[in-house]
Trainee: 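Below you'll find the structure I mean.
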Amino acid sequence: MTPVLIANARLIDPEAGEVREGAVLIEDGRIAEVFDTPAPDVSEDRVPAKARRDARGKCLAPGIVDIGVKVCEPGERHKESYKTAGDAAAAGGVTTMVTRPDTDPAIDTPETLEFIRRRAVEASLVHVLPMAALTKGRQGREMTEIGFLMDAGAVAFSDCDHVVRDTKVLTRAMTYAAGLGALIVGHPQEPILSDGGAATSGKFASLRGLPTVSPMAERMGLDRDIALVEMTGARYHADQVTAARALPPLERAKRNGFDVTAATSMHHLTLNEMDLADYRTFFKVKPPLRSEDDRQAVIEAVKTGLIDIVSSMHTPQDEESKRLPFEEAASGAVGLETMLPVLLRLYHSGDLPLPVLFRALSLNPARRLGLEAGRIARGAPADLVLFDPDKPFVLDRFKLRSKSKNTPFDGARLQGKVIATFVAGSAVYEAD
Amino acid sequence: MRFDHRHLLGIEALRPDEIVTLLDLADRYVALGRQQEKHASLLTGRTQINMFFETSTRTQASFELAGKRMGADVMSMAMQASSIKKGETLIDTALTLNAMHPDLLIVRHPHSGAVALLAQKVNCAVINAGDGRHEHPTQALLDALTIRRRKGRLHRLTVAICGDIAHSRVARSNILLLHKLENRVRLVGPPTLLPSGIEDFGVEVTHDMREGLADADVVMMLRLQKERMDGGFIPSEREYYHRYGLDAEKLAHAKEDAIVMHPGPMNRGVEIDGTLADDINRSVIQEQVEMGVAVRMAAMDLLARNLRARPTEVMA
């Protein structure tokens, strides 16, 4: 592969926590050189003129590593396939999808895992790293073959939103996982308290007569999981921390030196419970959208690094499962393609500087999974996203590449578009 | 007089003057209902379909009678028994019925927001006959009419709403309506039966009946559903009756001329003392039923006028 030079870029460097003018030389799928000058002196022999790209002062950042993407293979390929998810990811600047095992059937055996890895390699434009279920069938009764699944390539173990109700089962699974150094991804919710909750408790949900769940259920779930981390020594990541009340226990766990990290979702950072308005089911996510106070607290936690990671929690749902009364409608929203422009709202509002945003989107998730990606540094994989943070557009959900179009941002005015996405040095997406 | 709504989905969307307009009209239908000849012809040739996805005897009968008195062709469908069992979605059911060109759909559904969802998909006028725990607008309107006729006004009254507020659409619609007309609303019930965020509703809240009833002009009792009686939300029926059941002793804390209301059906000896419920000097429960028919006739009348104004609107 010929080397490529991306010159005249604004480099978003989450490691250094800075934005600077510069250029990047890519060789053999890796970053061969990072220059501190926008037009470096590189000989024609090394990089021919046609392999030079002028970024025109736009932003170049490490590609997004998105933990918790649902691709609906096996089982519901009509909602999302590896092909469509990969295309959406590429268009959204996501260079690594860390996929969820909550498919039908669940990804809970090495055989299923191998099947989806094969599908991913042949169909997806971006890297795919699969997670596997923690218990068989995500039933919360028996642990999966954690060792075999790791050998087959599982990067983490999660029952997703099926919280393990039996604490003894979870204790054993975490103890076993700790022995192998496996990463557990939990969904912090007290499972019985949160059963059936379609909205966050409070005046808004009560006036609309929706069944509610208190944000306290999230804190209780996190409290339990952290206690088990203390007990078992397992490595633990909370998939979504969305409530202000859950932040103090997270802070304490980190201060005590436990191997605990946490993510939040793009939706909980940019929307609140009022967006449900008159029962708009595209805004139904799990856990439900929170109060504005919660949203502000979570933004602050991402800023300080208490919340390490931001994920799209990409969850495709077809029209039929959303065109129902709110309580009956399915939860979840697609986000691979919309995450970057949506989160740039927080950049434009002055809440999150770009290096902080990409620390949460790229650097931290890569580190958590032990990947070399997520950095703009010599030797790192050339998984990169080039984007214009200012370009305005109105989102049209029918233009999304995902098979499912269930985004709450249909018709939203957004600012920021991906110009090109590179995976291992090759452009997998180029804007028109 | 203005009433610009295509549907009647809740009290939330109504302006105070629209509520008064509807009540004024209902007063005239009360008079009509007391004549020997009870027919109006405003809905002659119109088709009214009652779709009840949740069982109801009283409300369904009230809507049916209201439609018939207005001259409409009325059809009632028991939805739990039919297409839902066959797996048809709510929207498909709506589209099917819509193809029969009804003019009025009266809908009750166990899920909050379901009636509004259905209303988006049909050409005709829709009246919400109760959706989940959300709203039951005609109940609040008939309560308002009853209060206004008994008290001579519908503002600056102290109204105590007592019992299972959390699961009650009647309570929500009543709170909204009474607030719009500038009344003082008090909610009384055990903490387990009050909805979350109640402190932000702009109402007074108490867990003590005597305190809640003090100087009230109106005492509105709510039905306690059987399935919530044992151990789940309250310890037992008898403890509930002891603390929250309305009897003469507790009512003595309210104003001397306070009226007692109940949306029915009553659990005598659970939320209300049987003798008190039958006391014609205090209880207006039978009158509420009468007002129900009149209010529903008025609501249909106003919506039908708007139907005429735009007869051929086509769905997107």
Trainee: Looking at B/L117, B/L176, B/I198, which makes the most heavy-atom pairs under 4.5 Å with chain A?
Mentor: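 Answer, by heavy-atom pair count under 4.5 Å with chain A: B/L117.
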
Trainee: Taking the six-membered ring of B/F63, is NZ or CZ of B/R296 closer than 6.0 Å to its centre and within 45° of its axis?
Mentor: yes

Trainee: Considering only heavy atoms, which portion of B/E199 lies under 4.5 Å from any heavy atom of chain A: side chain, backbone, both, or neither?
Mentor: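 For B/E199, there is no contact with chain A at all, as no heavy atom is under 4.5 Å.
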
Trainee: Given a strict heavy-atom distance threshold of 4.5 Å, which part of B/R172 is in contact with chain A: side chain, backbone, both, or neither?
Mentor: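 For B/R172, side-chain heavy atoms alone lie under 4.5 Å from chain A.
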
Trainee: With side-chain hydrogen bond (donor to acceptor under 3.5 Å, both in side chains) as the test, pick out the partner of A/H314 among A/K70, A/E337, A/E80, A/R100.
Mentor: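 By the side-chain hydrogen bond (donor to acceptor under 3.5 Å, both in side chains) criterion, A/H314 pairs with just one of A/K70, A/E337, A/E80, A/R100: A/E80.
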
Trainee: Within the 4.5 Å heavy-atom criterion, are A/P316 and A/V334 side-chain neighbours or not?
Mentor: yes

Trainee: Using a strict threshold of under 4.0 Å (side-chain N to carboxylate O), is an ion pair present between A/K403 and A/E76?
Mentor: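 Result for this pair is no, no salt bridge flagged.
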
